[in-house]
A.B. asks: 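Below: one structure in structure tokens.
All values reported here derive from a predicted model rather than from experimental measurement.
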Amino acid sequence: MAAGDGDVKLGTLGSGSESGSEGGGGSPGGAGVAAEGGGWAAAALALLTGGGEMLLNVALVALVLLGAYRLWVRWGRRGLGAGAGAGEESPAAALPRMKKRDFSLEQLRQFDGSRTPRILLAVNGKVFDVTKGSKFYGPAGPYGIFAGRDASRGLATFCLDKDALKDEYDDLSDLNAVQMESVREWEMQFKEKYDYVGRLLKPGEEPSEYTDEEDTKDHNKQD
């Protein structure tokens, strides 16, 4: 009876799984189904294995390309930038710091960026070296109209028209309180960003004599 029980168990397993072939008591139909199932399983396994290798290869290629792109972004562009700027120095970097002095309107107009790389402009009676902002105040800049000129009126009235700038000394006496406050605010902004190099002289006014100590002290304040 023990053996019979064992045969029944094997036959039962064989009728529903691949192990039926091992028991020998399974039906031919059961063995055929098991063989067919085994063939599909093997085919599926082979497909998955081959597909996995292909996906792995694609992933590896993608990683290599991504790494190459990142290297190009980091070093290639930097190299191009260095090549484009090689041997070129900004006007501000190439010029020595200007010693402090006072300017008449005629002297100021010599520093408009077209006759010399240095660019000066005046705001509220103060002259500033704006050479490092040449892309704004140079001849081709959006505020190039102020180069070598007293920019006070144009800044106060937010006007970039050349007619707003006077050829003679402008005492700004016709500006209202709001416009004068605007001029003073512009003066403070220029002091913070650019070198103050001297005063804009009124007609007949004599320039001040600045010692090297005063000049150095004034520049150190700005730094």
A.B. asks: Are V130 and L160 connected, step by step, through hydrophobic side chains (Ile, Leu, Val, Met, Phe, Trp, Tyr) whose heavy atoms are closer than 4.5 Å?
C.D. replies: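 Yes, because V130 and L160 connect within a single hydrophobic cluster, where side-chain heavy atoms sit under 4.5 Å apart.
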A.B. asks: Can you list everything that forms a salt bridge (charged side-chain N to carboxylate O under 4.0 Å, His left out) with R199? Sequence neighbours excluded, please.
C.D. replies: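 In terms of salt bridge (charged side-chain N to carboxylate O under 4.0 Å, His left out), with neighbours along the sequence ignored, R199 is linked to D102, E205.
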A.B. asks: For side chain to side chain contact (heavy atoms under 4.5 Å, CB included), just list the numbers for W186 and N124, CA-CA rounded to whole Å, side-chain angles, deciding distance to a tenth of an Å, and then say yes or no.
C.D. replies: CA-CA 9 Å; W186 278 109; N124 200 26; over 6 Å; no
A.B. asks: Could you give the distance from CG (L121) to OG1 (T131), rounded to the nearest 0.5 Å?
C.D. replies: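 Spacing of CG (L121) from OG1 (T131) equals 9.5 Å.
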A.B. asks: Can you label the angle between the Y137 ring and the F190 ring as parallel, tilted or perpendicular, going by 30° and 60°?
C.D. replies: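 Tilted.
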A.B. asks: Any idea which heavy atoms bring S182 and A156 closest together, and the distance?
C.D. replies: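 Scanning both residues, the minimum pair turns out to be OG-CA, 4.1 Å.
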A.B. asks: Decide, yes or no, whether a salt bridge links R184 with E181 under the criterion of side-chain N to carboxylate O below 4.0 Å.
C.D. replies: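 A salt bridge is present here (some side-chain N lies under 4.0 Å from a carboxylate O).
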A.B. asks: Mind running side chain to side chain contact (heavy atoms under 4.5 Å, CB included) on Q110 and T116 for me, showing each step along the way?
C.D. replies: CA-CA 8 Å; Q110 297 174 12; T116 173; 5.8 Å; no
A.B. asks: Measure across E187 and F128 and return the closest heavy-atom pair with its distance rounded to 0.1 Å.
C.D. replies: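 That closest heavy-atom pairing would be O-CZ, 3.9 Å.
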A.B. asks: Can you name the nearest heavy-atom pair linking V183 to V123, along with the distance?
C.D. replies: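 V183 and V123 have their closest heavy atoms at O-CG1, 3.9 Å.
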A.B. asks: With rounding to the nearest 0.5 Å, note down the distance linking OH in Y210 to CZ in R101.
C.D. replies: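 Y210 OH to R101 CZ: 11.0 Å, rounded to 0.5 Å.
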A.B. asks: Shortest non-hydrogen contact from V127 to L108?
C.D. replies: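 Shortest heavy-atom contact: CG1-CD1, 3.9 Å.
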A.B. asks: Once rounded to the nearest 0.5 Å, what's the spacing between atom CG of L201 and atom CD of E206?
C.D. replies: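 Those atoms lie 8.5 Å apart.
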A.B. asks: Less than 4.5 Å apart, side chain to side chain, heavy atoms only: is that true for Y169 and L200?
C.D. replies: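 Yes, their side chains come closer than 4.5 Å.
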A.B. asks: Hey, what's the ring geometry for Y143 with F146, parallel, tilted or perpendicular (30° and 60° as the breaks)?
C.D. replies: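 If you compare the ring of Y143 with that of F146, the planes turn out parallel.
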A.B. asks: Partners of K193 by salt bridge (charged side-chain N to carboxylate O under 4.0 Å, His left out), sequence neighbours excluded?
C.D. replies: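 Partners of K193 under the salt bridge (charged side-chain N to carboxylate O under 4.0 Å, His left out) test: none.
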A.B. asks: Give the minimum heavy-atom separation between I119 and G138, together with the two atoms involved.
C.D. replies: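 That closest heavy-atom pairing would be CD1-CA, 3.7 Å.
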A.B. asks: In the single-linkage hydrophobic clustering (I, L, V, M, F, W, Y; side-chain heavy atoms under 4.5 Å), do Y196 and L155 co-cluster?
C.D. replies: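 Y196 and L155: one cluster.
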A.B. asks: For side chain to side chain contact (heavy atoms under 4.5 Å, CB included), just list the numbers for D195 and R97, CA-CA rounded to whole Å, side-chain angles, deciding distance to a tenth of an Å, and then say yes or no.
C.D. replies: CA-CA 9 Å; D195 287 341; R97 202 164 199 172; 3.1 Å; yes
A.B. asks: For R149 and D167: C-alpha separation, side-chain torsions, deciding distance, then whether side chain to side chain contact (heavy atoms under 4.5 Å, CB included) applies.
C.D. replies: CA-CA 9 Å; R149 306 291 296 267; D167 291 329; 3.2 Å; yes
A.B. asks: Judged by atom type as modelled, is there a donor-acceptor pair below 3.5 Å linking the side chain of Q179 to the main-chain atoms of N176?
C.D. replies: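 Yes; judged by distance alone, with no hydrogens or angles, the pair exists.
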A.B. asks: Using every non-hydrogen atom in the two residues, find where P96 and R118 come nearest and quote the distance to one decimal.
C.D. replies: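 That would be O-NH2, 2.9 Å.
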A.B. asks: Residues in salt bridge (charged side-chain N to carboxylate O under 4.0 Å, His left out) with D170, at least two apart?
C.D. replies: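 Residues passing salt bridge (charged side-chain N to carboxylate O under 4.0 Å, His left out) with D170: R153, K166.
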A.B. asks: Is any NZ, NE, NH1 or NH2 atom of the basic residue among R109 and D150 found under 4.0 Å from an Asp or Glu carboxylate oxygen of the other?
C.D. replies: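 Salt bridge between R109 and D150, a charged N being under 4.0 Å from a carboxylate O: no.
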